[in-house]
Undergrad: 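Please see the structure below; I have some questions.
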Amino acid sequence: MMMKPKLKAKNILKILKRRYPEVRCALDHENPFELLVSTALSAQCTDKQVNKVTPALFERYPSAMELSSARVADVRRRIRAVGLFDTKSKNLVAMAKLLVKDHGAEVPRDRESLEKLPGVGRKTANVVLSNAFDFPALAVDTHVKRLSGRLGLSGSENVDKIEKALCELFPKEEWRDISHRLIQFGRDVCDARKPRCDGCELYECCDYRGGESPRAR
DNA sequence: ATCCCGAGGG
DNA sequence: CCCTCTGGAT
């Protein structure tokens, strides 16, 4: 019973909405600057680690203006718990300088400018665009990548193609939340190494099924 | 030991 | 495409 991708996507959307009625960005922040910084810090670590260092960080550096004149060593000390701090601390200060120089110390609202910021890639840019500015964007991270592959929504292509495929599959107004739901589901059920396929609500929609089908990890 | 709600560089 | 960077959780 091969389902058409479009219909399959619709079912997945429905099931995930039921499972996660309300979705929020794990790194919830009141202003774009804080969202940008904490999202950039979240690379290769948990949001718990990020939330541990950001309060003190933002107390000392409330905006791009203050952060732009920070000493890298001080920032590094403050963010040590998130790991990869050597690169991240340098990037944060450089990023703030660029914000002050080119964007009036504000967070730019277009993808091109965001991705020029040191330490900001496609994923972070999409999170900021969709969560801070309500621009339709679908963030693809490792969870989304893995789930998309397993469910058979896209091939195991590169991130750009996966993002494009998912954007065609899901309605624009869902782009922001579907990645959060896929991420959540990836953590709760579809683990990278030991997926809990028994009792999985998406089993019927899945091309992977614990490895039964020849699909990418 | 191994992986993580990445990004940058080779 | 591949690798590396890191602390923390498991």
Side-chain angles (χ1 to χ4, degrees), chain A residues 16 19-20 22-29 32 34-54 56-57 72-73 75-99 107-108 111-132 137-151 153-163 166-167 170 174-196 216-217:
Chain A
L16 288 183
R19 185 184 174 98
Y20 306 112
E22 44 191 87
V23 191
R24 302 251 356 97
C25 187
L27 303 160
D28 197 19
H29 290 283
E34 294 190 359
L35 180 67
L36 172 63
V37 170
S38 44
T39 306
L41 285 179
S42 76
Q44 284 301 106
C45 73
T46 62
D47 49 291
K48 193 176 177 182
Q49 284 169 276
V50 176
N51 289 329
K52 186 179 172 186
V53 306
T54 44
L57 184 68
V72 174
V75 176
R76 178 186 306 160
R77 179 175 59 77
R78 290 171 188 273
I79 67 170
R80 181 153 298 146
V82 301
L84 306 180
F85 49 79
D86 204 26
T87 310
K88 286 173 180 176
S89 57
K90 263 185 268 183
N91 281 342
L92 282 191
V93 177
M95 178 181 86
K97 287 187 194 298
L98 199 53
L99 290 179
V107 178
R111 171 172 289 115
E112 198 186 343
S113 302
L114 282 168
E115 288 191 11
K116 278 183 191 162
L117 301 172
V120 178
R122 182 65 165 241
K123 188 259 178 178
T124 301
N126 279 333
V127 168
V128 171
L129 285 172
S130 58
N131 287 282
L138 199 160
V140 175
D141 71 342
T142 53
H143 287 304
V144 178
K145 197 167 151 187
R146 179 179 71 251
L147 272 168
S148 174
R150 283 180 176 174
L151 293 170
L153 297 178
S154 64
S156 45
E157 305 131 300
N158 61 56
V159 177
D160 288 344
K161 285 188 175 179
I162 293 175
E163 182 183 325
L166 295 183
C167 283
F170 297 108
E174 304 289 347
W175 288 355
R176 175 182 60 191
D177 290 342
I178 188 61
S179 31
H180 290 312
R181 290 192 168 98
L182 290 174
I183 287 163
Q184 202 65 41
F185 192 79
R187 285 181 49 188
D188 297 344
V189 181
C190 200
D191 184 84
R193 297 195 289 172
K194 46 174 193 110
R196 301 188 35 205
R217 50 166 303 190

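First the proteins, then the strands, lettered A, B, ... as listed; each starts at 1.
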Undergrad: Go through the structure and list residues passing salt bridge (Lys or Arg N to Asp or Glu O under 4.0 Å) with Glu112(A), not counting sequence neighbours.
TA: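 Glu112(A) satisfies salt bridge (Lys or Arg N to Asp or Glu O under 4.0 Å) with Lys116(A) once adjacent residues are dropped.
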Undergrad: Does Phe85(A) have Arg80(A) sitting over its ring (NZ/CZ under 6.0 Å from centre, angle to axis within 45°)?
TA: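 Judged by the rule (NZ or CZ under 6.0 Å from the ring centre, within 45° of its axis), Arg80(A) counts as positioned above Phe85(A).
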Undergrad: With nearest nucleotide decided by heavy atoms, which residue, His180(A) or Gly119(A), maps closer to the 5′ end of DNA chain B?
TA: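 Of the two residues, His180(A) wins.
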Undergrad: Can you tell me how far C1' of dC4(B) sits from CG of Asn51(A), to the nearest Å?
TA: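 The answer, rounded to whole Å, is 15 Å.
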Undergrad: In whole Å, I'd like the distance from the CH2 atom of Trp175(A) to the P atom of dC5(B).
TA: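 Those two atoms, CH2 and P, are 24 Å apart.
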Undergrad: Would you mind reading off the distance between Asp86(A) atom CG and dG7(C) atom P, rounded to a whole angstrom?
TA: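 Checked: the CG to P distance equals 10 Å.
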Undergrad: Looking at Ser42(A), does any N or O in its side chain come under 4.0 Å of the phosphate oxygens OP1/OP2 on dC4(B)?
TA: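 So the side-chain polar atoms of Ser42(A) never come under 4.0 Å of the phosphate oxygens OP1 or OP2 of dC4(B).
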Undergrad: State whether Arg193(A) places a side-chain N or O below 4.0 Å from either non-bridging phosphate oxygen (OP1 or OP2) of dC3(B).
TA: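 Yes, such a contact exists.
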Undergrad: Between Leu138(A) and Cys167(A), what is the shortest heavy-atom contact and its length?
TA: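 Smallest interatomic distance, heavy atoms only, reads CB-SG, 3.8 Å.
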Undergrad: Across the strands shown, which category fits Asn91(A) at heavy-atom distances under 4.0 angstrom: base, sugar-phosphate, nothing?
TA: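 Nothing: the residue Asn91(A), judged by heavy atoms under 4.0 Å, touches no strand.
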Undergrad: Does Arg77(A) have more than 12 heavy atoms from other residues, nucleotides or ligands lying within 6.0 Å of its CZ?
TA: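 Counting other residues, nucleotides and ligands, CZ of Arg77(A) exceeds 12 neighbours.
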Undergrad: Side chains of residues 183-191 of chain A: which donor-acceptor pairs under 3.5 Å do they make with residues two or more places apart or in other chains?
TA:
from      : atom 1 : to        : atom 2 : distance (Å)
Asp188(A) : OD2    : Tyr20(A)  : OH     : 2.5
Asp191(A) : OD2    : Arg193(A) : N      : 2.8
Asp191(A) : OD2    : Lys194(A) : N      : 2.9

Undergrad: Taking atom C1' of dC5(B) as reference, at what distance in whole Å does atom CG of Leu166(A) sit?
TA: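 So the two atoms are 15 Å apart, to the nearest Å.
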Undergrad: Could you work out the separation of dC5(B) and dC1(C) based on their C1' atoms and round it to a whole Å?
TA: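 The same atom, C1', in both gives a distance of 23 Å.
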Undergrad: Measure the distance from CG on Asp160(A) to P on dG6(B) and round it to the nearest whole Å.
TA: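 So the two atoms are 16 Å apart, to the nearest Å.
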Undergrad: Does dA7(B) have OP1 or OP2 sitting under 4.0 Å from an N or O in the side chain of Thr124(A)?
TA: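 For dA7(B), OP1/OP2 do have a side-chain N/O of Thr124(A) under 4.0 Å.
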Undergrad: To the nearest Å, how far apart are Ile162(A) CD1 and dG6(B) C1'?
TA: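 Distance, rounded to whole Å: 14 Å.
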Undergrad: Which part of the nucleic acid, if any, lies within reach of Thr87(A) when heavy atoms closer than 4.0 Å are counted: base, sugar-phosphate only, or nothing?
TA: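 The residue Thr87(A) makes no contact with any strand.
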Undergrad: Could you give the CG-to-P distance, from Leu41(A) to dG7(C), as a whole number of Å?
TA: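 My rounded result for the distance is 15 Å.
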Undergrad: If you look at every strand shown and take non-hydrogen atoms under 4.0 Å, does Val120(A) touch a base, only sugar-phosphate, or nothing?
TA: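 Contact class for Val120(A): sugar-phosphate only.
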Undergrad: Closest to the Phe85(A) side chain: dC4(B), dC5(B), dG7(C)?
TA: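 Minimum distance to the Phe85(A) side chain belongs to dG7(C).
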Undergrad: Mind calculating the distance between CD (Gln49(A)) and P (dC5(B)) to the nearest angstrom?
TA: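 Nearest whole value for this atom pair: 10 Å.
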Undergrad: Give one of base, sugar-phosphate or nothing for Gly83(A), where a contact means two heavy atoms less than 4.0 Å apart.
TA: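 The residue Gly83(A) makes base contact.
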Undergrad: Considering only atom P, compute the distance from dC3(C) to dC3(B) and round it to an integer number of Å.
TA: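 dC3(C) and dC3(B) have their P atoms separated by 13 Å.
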Undergrad: Between dT6(C) and dA1(B), how far apart are the two C1' atoms, rounded to whole Å?
TA: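 Between the two C1' atoms, the distance is 16 Å.
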